[in-house]
A.B. asks: 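Before anything else, here's the structure in question.
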Amino acid sequence: MWAIRLEMAGCGCDPRRNDIMGKTAPLPDQMSKTYNAGEIEQPLYRWWEIEGYFKPRIDPSRKPFVISMPPPNVTGALHLGHAIVSCIEDALIRYHRMTGRPTLWVPGTDHAGIATQNVVERELAKEGLTRHHLGRTKFVERVWEWKRVFHQRITDQHRRLGVSCDWDRERFTMDEDLSRAVREAFVRLYERNLIYRGAYLVNWCPRCGTAISDLEVEHEEEDTSLWHVRYWTEEGDRYITVATTRPETILGDTAVAVNPSDPRYGDMVGRKVRLPVINRLIPVIVDEVVDSSFGTGAVKVTPAHDPVDYEMGIRHGLPVINAMNDDATMNREAGPYQGQDRIECRRNLVADLEAMGDLVKVEPYHHSVGHCQRCHTIVEPRISTQWFVRTKPLAQPALQVVRDGRIRIIPERFTKVYYEWMENIRDWCISRQLWWGHRIPVWYCDGCGAQTCSRVDPTECPHCGSHAIHQDEDVLDTWFSSGLWPFSTLGWPEKTEDLDYFYPTSVLETAYDILFFWVARMIMLGLDMTGEVPFDTVYLHGLVRDEEGRKISKSLPDAWRYDPLLVIEEYGQDALRFTLLTGSTPGNDMKLSQSRIEANRNFANKIWQAARFVLGNLDGRAPEFVPPAKPLAPDAQVNTADRWILSRYHRLVGQVTRLIDGYQLGEAGRQVYEFLWGEYCDWYIEMTKVRLRDRDQASADAARRVLVYVLEGCLRLLHPYMPFATEAIWQYLPHRGQALIVAPWPQGGAVDDAAEEQIGTLMELVRTIRNARSEYGVEPGRRIAAIIAAGERLPFLQEQASILEALARLDGGRLRLEESLDSTPDKALALVVGGLDCYLPLASLLDLDRERARVRTDLERLAAETARSEKLLANRDFVAKAPQVVVERERDKLAGYHERREKLQEQLHSLSS
RNA sequence: GGGUGCGUGGCUCAGUUGGUCAGAGCGCACGGUUCACAUCCGUGAGGUCACUGGUUCGAGUCCAGUCGCGCCCACCA
């Protein structure tokens, strides 16, 4: 309220916005009694969005900060695993926006080819339909419908998560302009022969009915069998036994291989053996890859169904016999097994072998089996004509930019993982036998057979002029379009203003599990297409797991529990975000626990309450306490407590800024939490209470100034971590400017070691007295007397006497502060704190035996510490080699021990007398 | 087979250039209706920082190895 009046009064804020919009934050006139996230979040979000705070102001003189949001798949709604992405990125975006950089966050969604096609096919299956019942056009329409529904759900969820992205720049991978980018990239690669088509052994998912890339195959260890099968020679005079994990592929065998130096099979080489059941003759060959010590030392060779055998087949010019259909049923080559499913065929074939007596043995075997990432069906290696990207030439520059630091990966250890993968990269199969996705821009002429790759759809064959041309049926791997995301979203291949100003982007933030799928491909394609790195920093976060440690994903049966909206409704977005941000470290997984979210909801309430306290004590003169634009400098009015909290706060600003710049978001957030709760609320607010009620207006106003200044600054520090609560509170507090979301990031200021040291002693004294009271069972409300020999701290304690009384519940009339005492007070509980003696005359409660025991225990502990310290200082190496400050600190410590020991001994003496 | 992460009080986890007596939240025990807050306040118990060895004046923090758990990569028929 007054913020607006201040602006009108020309307090240095920008009134223009007010004149235009004339709107203030949509909040109740007064702060509610407790923090209620539900009442503030959505109105604030809408307000921010309407006010245009999410949009960058292009300033050619400044380097922008840009993030491309990893586009969620439109397969379904977001779960908590997605929430961490939004929270981390929004925190980075908000931080950089506050530092004044033009800041852009580009949102969007991914068509997710195979995944989305699968979910829609599952929907169809419920109606008893397959995509073939609908046909390609109808089916694709159906997927678009699905996309519309879930795109809406996802953006709604994103808004609830508070993401401050520029919605006007939102993109979808199958938007027209992004599809144009896909085609451009394809054509460029094609023209340079970096994309080729051919029949090779690929990973085939029989259920999805498509080829998939190596990355999409998930290997899992399984217990299966190793079948030993006898192959008889052509003449039937001898046999050779081979061992296999996949007997059904026997039907596609075209050789048996042994190691050339294996003495057992020397005379078999060159002979022919007969495949069981189907009786086809195949040669026995030699090849170095055969390990004589494995199994029988003889291996069946099936080039059409095994990668190793495929290579071997090429080396030896073996025929390639594909024994299976697309759906993994056996084909004509399988003879009597034709039509059977591969599993069924295996069972039957094994039974037949056994009946024939050619199954020598079956041993239990443990090995890894490839499964389809999307449907978990066992993948079948299979010869198939597909499109590939030649990756080696793209990988070289992609390796180089990470090696020379043009791209930095955080945490650094993933750099090695990246190198490893890039160095051993294999060609990327990019064609998919699906209907949902970017169609491959290649046409075949039915007349001359020419193949044409084109940016625009051709109407005739450029070679023979025939109109009988047809486009390749396949679509591209969804990651092909994702790989262009950082620049396709900014308008590439057009030379747009956005591309010019915002590209390369700054940070690519995502989960480590898509480092290869996405990050690596963006780097390769980004460099190749734009000649620049697509981003300079890769920040990888860990996976969110549930309380049992399972990776949160849509396939979890109880995934509904992990709908971010349910959590937000119960605890508020800020609580969820703060938990995700502070509960994890870069690259490490986190278990999300409800109790932690609850604790952070409580933290939001704690700040809310602190603000209510501060506001309630501004004495109706709020505008007077608007924090200065520059760091608050201590003046004559402030006392040691003020100087202490200012010093602590300024230190905090430096720490938090340094930590965020170093991508240690969690630690930064925790530090603000600890400062606000543990120092500002627990101590500083308590210390001001006495003064605020005092007659000394100058002192009270100093406290008000400091209270507002520090709290307002902390809200700014915390805004990236709790955007809604901080914005709401900030709006109520005296502030300058229109909105916290665009307020400047705090500047650090002077630190005051002396004040910190003095207040530290005061806090320790208070704690020690409270401890004694608690141990002795002094009623909490009872004011007790105290006698303190303060030595050189006397002036300080005199200044803080009323605070000491309040915090330790002392009786002001019976608090004696002296420089030193002539004699030890009688029948008093004696405490030694930071070089001063404190006596609590609790005669009636005093238990001499107990006190003596306590002092003795103290002395013992002290003796051990003293010994350790003396030994350390006696060590000439330590004194010579350790830094001066460390040695000094140790000396001070030892001096303190000696002083304390003397005092304790005096006490023991007086207790004994 | 290669690589990598983790192993810190009952639970979940912080602890980044090695330097006070190792921290937090939750849980636990005891005590609290003082005008910001019971979504709270005060006090307390609880840890040989997996193990072994090394580097160092000094190691939870660096190095080597061992054990346990997890993950990633890999043409183990």
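So that the names make sense, note that chain A is the first sequence line, chain B the second, and so on, each numbered from 1. Worth saying up front: this structure is predicted, and the values here are computed from it rather than measured.
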A.B. asks: Report the nucleotide, chosen from U34(B), G5(B), C72(B), that has the shortest atom-to-atom distance to any side-chain atom of R809(A).
C.D. replies: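 Looking only at side-chain atoms, R809(A) lies closest to U34(B).
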A.B. asks: May I ask you to say what E667(A) touches in the nucleic acid, namely base, sugar-phosphate or nothing, with a heavy-atom cut-off under 4.0 Å?
C.D. replies: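 Sugar-phosphate contact only.
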A.B. asks: Pick the P atom in U52(B) and in G70(B), then give their distance to the nearest Å.
C.D. replies: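 Between the two P atoms, the distance is 24 Å.
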A.B. asks: With sugar-phosphate meaning primed atoms plus P, OP1 and OP2, does F516(A) contact a base, only sugar-phosphate, or nothing at under 4.0 Å between heavy atoms?
C.D. replies: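 Sugar-phosphate, no base atom in range.
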A.B. asks: Using the P atom in both, what is the distance from G42(B) to U33(B), to the nearest Å?
C.D. replies: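 One P to the other, the span is 15 Å.
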A.B. asks: Once you apply a heavy-atom cut-off of 4.0 Å, does A599(A) come out as touching a base, just sugar-phosphate, or nothing?
C.D. replies: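 Sugar-phosphate contact only.
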A.B. asks: If I pick the C1' atom on A29(B) and the same atom on U48(B), what distance separates them, to the nearest angstrom?
C.D. replies: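 Result for the C1' pair: 25 Å, nearest Å.
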A.B. asks: Using whole Å, what does the distance between atom P of nucleotide C21(B) and atom OH of Y897(A) come to?
C.D. replies: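 Interatomic distance, OH of Y897(A) to P of C21(B): 6 Å.
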A.B. asks: May I have the step-by-step check of side chain to side chain contact (heavy atoms under 4.5 Å, CB included) for L831(A) and I769(A), ending in yes or no?
C.D. replies: CA-CA 8 Å; L831(A) 307 167; I769(A) 296 172; 4.1 Å; yes
A.B. asks: In whole angstrom, what separates R891(A)'s CZ from C57(B)'s P?
C.D. replies: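 Atom-to-atom, R891(A) to C57(B), this comes out as 18 Å.
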A.B. asks: Apply salt bridge (Lys or Arg N to Asp or Glu O under 4.0 Å) to the pair E764(A) and R767(A), showing each step before the final yes or no.
C.D. replies: CA-CA 5 Å; E764(A) 200 187 335; R767(A) 267 194 287 256; over 6 Å; no
A.B. asks: Check step by step if salt bridge (Lys or Arg N to Asp or Glu O under 4.0 Å) holds for R868(A) and E890(A).
C.D. replies: CA-CA 10 Å; R868(A) 188 198 57 79; E890(A) 196 59 39; 3.4 Å; yes
A.B. asks: Categorize K881(A) for me: base, sugar-phosphate, or nothing, with a 4.0 angstrom heavy-atom threshold over every strand shown.
C.D. replies: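 Result for K881(A) = base.
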A.B. asks: For Y721(A) and L665(A), work out which heavy atoms get closest and say how close.
C.D. replies: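 Scanning both residues, the minimum pair turns out to be OH-O, 2.7 Å.
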A.B. asks: So does E686(A) reach the base of A36(B) with its side chain, donor to acceptor, closer than 3.5 Å?
C.D. replies: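 Result: at least one qualifying N/O pair found.
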A.B. asks: How is R868(A) classified with respect to the nucleic acid when contacts are heavy atoms under 4.0 Å: base, sugar-phosphate, or nothing?
C.D. replies: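 The residue R868(A) makes sugar-phosphate contact but no base contact.
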A.B. asks: Hey, does K689(A) reach any base, or is it just sugar-phosphate, or nothing, if we go heavy atoms under 4.0 Å?
C.D. replies: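 Base, at least one base atom sits under 4.0 Å.
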A.B. asks: Indicate, with yes or no, if the rings of H367(A) and Y365(A) have centres closer together than 6.0 Å.
C.D. replies: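 So the answer is yes for these two rings.
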A.B. asks: Mind calculating the distance between NE2 (H367(A)) and C1' (G1(B)) to the nearest angstrom?
C.D. replies: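 After rounding, the gap between these two atoms is 16 Å.
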A.B. asks: Rounded to the Å, how far apart are D287(A) CG and C75(B) C1'?
C.D. replies: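 In whole Å, C75(B) C1' and D287(A) CG are 12 Å from each other.
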A.B. asks: Contact class for A882(A) vs. all strands (heavy atom < 4.0 Å): base, sugar-phosphate, or nothing?
C.D. replies: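 Answer is base: heavy atoms of A882(A) come under 4.0 Å of a base.
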A.B. asks: If I pick the P atom on G10(B) and the same atom on C49(B), what distance separates them, to the nearest angstrom?
C.D. replies: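 Roughly 13 Å separates the two P atoms.
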A.B. asks: Would you indicate what R596(A) reaches in the nucleic acid, counting non-hydrogen atoms under 4.0 angstrom: base, sugar-phosphate, or nothing?
C.D. replies: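 Result for R596(A) = base.
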A.B. asks: At 4.0 Å (heavy atoms only), tell me whether W227(A) reaches a base, stays on the sugar-phosphate, or touches nothing.
C.D. replies: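 The answer is nothing, as W227(A) stays clear of every strand by at least 4.0 Å.
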A.B. asks: Looking at E412(A), I want to see if its CD is surrounded by more than 12 non-hydrogen atoms of other residues, nucleotides or ligands under 6.0 Å.
C.D. replies: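 No, not enclosed.
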A.B. asks: Base, sugar-phosphate, or nothing for P883(A), non-hydrogen atoms under 4.0 angstrom?
C.D. replies: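 Base contact.
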A.B. asks: Could you tell me the separation between the CD atom of E220(A) and the P atom of A74(B), rounded to a whole number of Å?
C.D. replies: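 Between P of A74(B) and CD of E220(A): 15 Å.
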A.B. asks: Please report the distance separating the P of G3(B) from the corresponding atom of U61(B), rounded so that it comes out in whole Å.
C.D. replies: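 It works out to 22 Å between them.
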A.B. asks: By nearest atom, which of the nucleotides C21(B), C76(B), A36(B) is closest to the A610(A) side chain?
C.D. replies: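 Minimum distance to the A610(A) side chain belongs to A36(B).
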A.B. asks: Quick one: do D858(A) and R900(A) satisfy salt bridge (Lys or Arg N to Asp or Glu O under 4.0 Å)? Show the steps, please.
C.D. replies: CA-CA 10 Å; D858(A) 256 19; R900(A) 189 177 163 86; 3.2 Å; yes
A.B. asks: Within the 4.0 Å heavy-atom criterion, would you say V289(A) contacts the bases, only the backbone, or no part of the nucleic acid?
C.D. replies: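 Nothing, no nucleic acid heavy atom in range.
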A.B. asks: Would you measure the distance from the P atom in C71(B) across to the matching atom in C13(B) and give it in whole Å?
C.D. replies: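 So the two P atoms sit 15 Å from each other.
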A.B. asks: Quick check for you: among G15(B), U39(B), A36(B), whose closest atom lies nearest to any side-chain atom of T34(A)?
C.D. replies: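 Selected nucleotide (nearest to the side chain): U39(B).
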A.B. asks: Once you apply a heavy-atom cut-off of 4.0 Å, does T302(A) come out as touching a base, just sugar-phosphate, or nothing?
C.D. replies: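 Nothing, no heavy atom under 4.0 Å.
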A.B. asks: L215(A) side chain: which of G15(B), C73(B), A24(B) is closest?
C.D. replies: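 So the nucleotide nearest the side chain must be C73(B).
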A.B. asks: As a test of reading the structure: which of A77(B), G44(B), G19(B) is closest to the side chain of R889(A), going by heavy atoms?
C.D. replies: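 Closest nucleotide to the R889(A) side chain: G19(B).
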A.B. asks: Among G25(B), U39(B), C21(B), which nucleotide has an atom closest to any side-chain atom of K893(A)?
C.D. replies: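 The answer is C21(B), which lies nearest to the side chain.
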A.B. asks: Using the C1' atoms only, state how far G2(B) lies from C75(B), rounded to an integer number of Å.
C.D. replies: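 Nearest-Å result for C75(B) against G2(B) at atom C1': 15 Å.
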A.B. asks: Tell me if the side-chain of R601(A) makes a donor-acceptor pair with the base of U39(B), cut-off 3.5 Å, by modelled atom types.
C.D. replies: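 In this structure, the two groups form a donor-acceptor pair.
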A.B. asks: Distance check needed: A14(B) P versus K591(A) NZ, whole Å only.
C.D. replies: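 Rounded to whole Å, this separation is 11 Å.
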A.B. asks: Rounding to an integer number of Å, can you tell me how far N424(A) CG sits from C72(B) C1'?
C.D. replies: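 My rounded result for the distance is 14 Å.
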A.B. asks: Just how far, in rounded Å, is P of U39(B) from CG of L576(A)?
C.D. replies: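 L576(A) atom CG is separated from U39(B) atom P by 21 Å.
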A.B. asks: Rounding to an integer number of angstrom, what distance separates U39(B) and A14(B) when you compare their C1' atoms?
C.D. replies: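 Pairwise C1' distance, U39(B) against A14(B), rounds to 23 Å.
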A.B. asks: Could you tell me whether N588(A) contacts a base, only the sugar-phosphate backbone, or nothing, with contacts defined as non-hydrogen atoms closer than 4.0 Å?
C.D. replies: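 The residue N588(A) makes sugar-phosphate contact but no base contact.
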A.B. asks: Search all heavy atoms of E779(A) against all heavy atoms of R773(A) and return the closest pair with its distance.
C.D. replies: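 Minimum heavy-atom separation between E779(A) and R773(A): O-NH2, 3.1 Å.
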